[in-house]
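In the text below, chain A, chain B and the rest are named by the order of the sequence lines, each starting its count at 1.
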Amino acid sequence: MAQIAKKEHWGSQIGVVLAVAGSAVGLGNFLRFPGQVVNHGGGAFMIPYIISLLLIAIPISMSEWALGRCGGRKGFHSPLGVYHAVSGGRTGWGVLGGLNALAPFVINMYYIFIESWCLLYALQYLGGVLQPLGLGFSIFSEVEPGLRLATTENYSGFFGSLVGISENGSLFKLTSSPLLIATILCAAANFLLIFLGISKGIEKFCKIAAPLILVCAILVIVRVATLGTPEGGSGLSFLDGLGFMWNPTREITLETGEILQTNIWDSLLDPDTWLAATAQIFFSVSICLGAICTYSSYIRPKEDIALSSLSATATNEFCEVVLAGFMAIPPAIMFLGMNAADKFGSSFSLGFVVLPNVFELMPFGQFFGFLFFLLLFLAAITSSMSLVQPTVALFQESFRWSRGASVILAAIINLIGTIIVCWYTQNLVALDVFDFWLANCTPFIFVIIQTSFIIFVWGSANFATELAEGSKIKPPLFIVKIVKYVSFPYLLIIFGFWAWQNLGDRIREVAANRVAQLSFGFFMSLILLLTLLAIMAMNRWKREEQAGIALDPNEKNA
Amino acid sequence: MTWGGWLCMGLSVTFVTTLFLWCCWRIGADQPETDVQDDE
């Protein structure tokens with residue numbers, strides 16, 4: 001098999017841990033998790049959540065780290081190369097590995113768009129548009145500096161007009177849409193950091209961004225926790241807000257108006273709670289998206305991947321449970337009362353409608369609003385870098401291109417998808433279709449493919465040996481057995497339930513909606529492209545192996 | 001906030017924070033004095 005000489009590595013263990021944690025920590029941690037807790041039994045949600053953390057997130061994450069490092073040792077960094085090398089050149093598995101780059105790449109196409117919302121909101125708070133104080137500039141010509149929007153309805157309108165929710169193509173009708181400019185800037189920043197390389201770009205940025213996220217979050221939490229029962233609020237205190245989120249005993253208003261009280265057992269006996277908790281942990285840790293596999297392939301052979309994997313997962317969980325658990329819901333309850341609760345279910349609604357309203361009412365809210373959206377922006381950009389790197393590695397290895405050329409090709413394809421999302425903004429249909437099929441459905445399929453690959457192709461014994469290699473924390477051997485006998489069947493059951501609940505409506509939507517069809521056509525084109533690329537690359541590697549040639553894709557850079 | 005809320009929140013936060021701090025401690029203990037630089 002063609003050996004591709006290794007040139008790039010992470011500079012330090014902390015660097016790779018922060019990069020993987022930065023990849024996992026995103027908007028889902030800060031905006032999706034609190035809504036899921038509130039809507040699925042409060043504190044009761046945490047029981048299936050912690051069980052899923054122990055039985056799925058930690059073992060599967062470790063298996064992906066081990067697989068990635070094994071592929072990296074053989075000289076490959078893309079999921080295609082890793083699958084090809086580990087399977088001994090089997091074409092079918094290689095193609096599946098190549099397709100593993102699809103989900104992260106397409107997710108990045110709309111994630112950049114969302115990233116630009118965070119950037120614009122942060123700049124707006126800095127400029128003082130959503131608050132009367134500040135520097136007094138507005139990047140939106142139609143919004144006067146110092147304007148108070150006052151209600152969630154107004155904030156909802158503001159958000160809708162910002163993202164062009166009323167009409168397709170509305171963002172392109174403006175002579176200079178700030179959102180499109182911000183999207184271009186975010187894309188440029190992303191691809192520039194990736195171009196700079198693993199150690200000099202991604203790692204250096206994550207080493208700055210991750211601690212900054214932590215500092216911003218702690219400052220916002222300290223502000224929220226010291227508000228007491230704020231004037232101009234709903235009359236509820238911080239503890240009431242925490243109680244609303246965490247109490248396992250809950251009151252549900254039925255359609256008839258009757259109030260039903262549920263306890264912890266009602267929530268635990270509801271399959272929806274288990275499905276929601278497992279899906280949340282699964283999406284949050286970002287397993288099997290290709291990012292961990294690619295990132296871990298750049299680790300040096302003797303490093304402790306068991307500890308690195310556990311640390312990245314623990315950092316993600318700390319941000320989600322501790323930081324997000326205190327930051328989003330309590331202030332919303334304190335200032336807006338229980339009436340705002342119906343908006344907690346949607347991440348966008350909580351983040352871009354409810355919380356801006358809260359920051360308007362909060363003392364020094366402009367500053368804390370800026371910190372909050374800066375935090376979201378940094379969390380988003382560290383995630384989006386990890387979404388592109390598998391594709392860049394794929395192009396480098398398949399075409400024997402330099403990093404620069406691979407980054408340019410990835411950026412051009414990425415731009416096409418981003419334009420589709422930015423054009424079809426009416427009710428954010430394109431974004432929703434991209435999100436459902438690539439960020440929700442495909443990762444489930446790939447976690448099953450990858451776990452099958454690890455168990456049945458690579459083998460449990462190889463996984464155990466790779467995990468133990470260089471490990472100082474002595475990972476217990478039952479981790480391997482958990483992946484095989486618990487995580488894998490557990491995931492199959494959860495995916496079955498999830499597909500049964502969601503797929504029917506979504507397939508009907510594709511059949512009926514033109515934008516969904518267009519988006520689907522785009523996905524199919526990419527699948528075809530990646531399949532052809534995978535077959536071409538594997539044929540080339542096999543030819544090179546037979547000829548005894550070992551080409552280094554980085555030689556052109558050197 | 002009910003006792004059940006305190007219990008669920010307390011146990012979750014304690015578990016996650018302990019895991020996070022333990023990992024920080026182990027990584028800190030394992031770090032060489034200077035970072036390893038690229039091969040390039």
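Taken to the nearest 0.5 Å, the OG1 atom of B:Thr18 stands 10.5 Å off from the CZ atom of A:Phe318. Atom CG of A:Leu310 is separated from atom CZ of B:Arg26 by 10.5 Å, given to the nearest 0.5 angstrom. The CD1 atom of A:Ile47 sits 8.5 Å away from the OG atom of B:Ser12 when rounded to the nearest 0.5 Å. In this structure, CD1 in B:Ile27 is found 10.0 Å from NZ in A:Lys472, a value given to the nearest 0.5 Å.
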Criterion side-chain contact (heavy atoms from CB on, under 4.5 Å) on A:Asp240 and B:Met1, from CA distance to verdict: CA-CA 6 Å; A:Asp240 295 322; B:Met1 182 112 165; over 6 Å; no
side-chain contact (heavy atoms from CB on, under 4.5 Å) evaluation trace for B:Met9 with A:Met46: CA-CA 8 Å; B:Met9 185 186 81; A:Met46 295 311 292; over 6 Å; no
Candidate pair A:Asn247 and B:Trp6, rule side-chain contact (heavy atoms from CB on, under 4.5 Å), full reasoning: CA-CA 7 Å; A:Asn247 286 343; B:Trp6 278 111; over 6 Å; no
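For A:Val37, no part lies under 4.5 angstrom from a heavy atom of chain B. In this structure, chain B has a heavy atom under 4.5 Å from the side chain of A:Ile50, while its backbone stays farther away. Neither the backbone nor the side chain of A:Tyr49 comes within contact range of chain B; no heavy atoms are under 4.5 Å apart. Heavy atoms closer than 4.5 Å to chain B are found nowhere in A:Ile198, neither backbone nor side chain. Interface remark: B:Trp22 contributes side-chain atoms only to the contact with chain A (heavy atom separation under 4.5 Å).
By number of non-hydrogen pairs under 4.5 angstrom with chain A, the leading residue of B:Val13, B:Leu21, B:Leu19, B:Thr2 is B:Thr2. Top candidate by heavy-atom pairs under 4.5 Å with chain B, chosen from A:Ser311, A:Gly43, A:Gly243, is A:Ser311.
The shortest heavy-atom contact between B:Gly5 and A:Pro248 is N-CD, 3.3 Å.
Of the residues listed (A:Thr315, A:Val322, A:Asn316), the one engaging B:Phe20 in a side-chain contact (heavy atoms from CB on, under 4.5 Å) is A:Thr315, and it is the only one.
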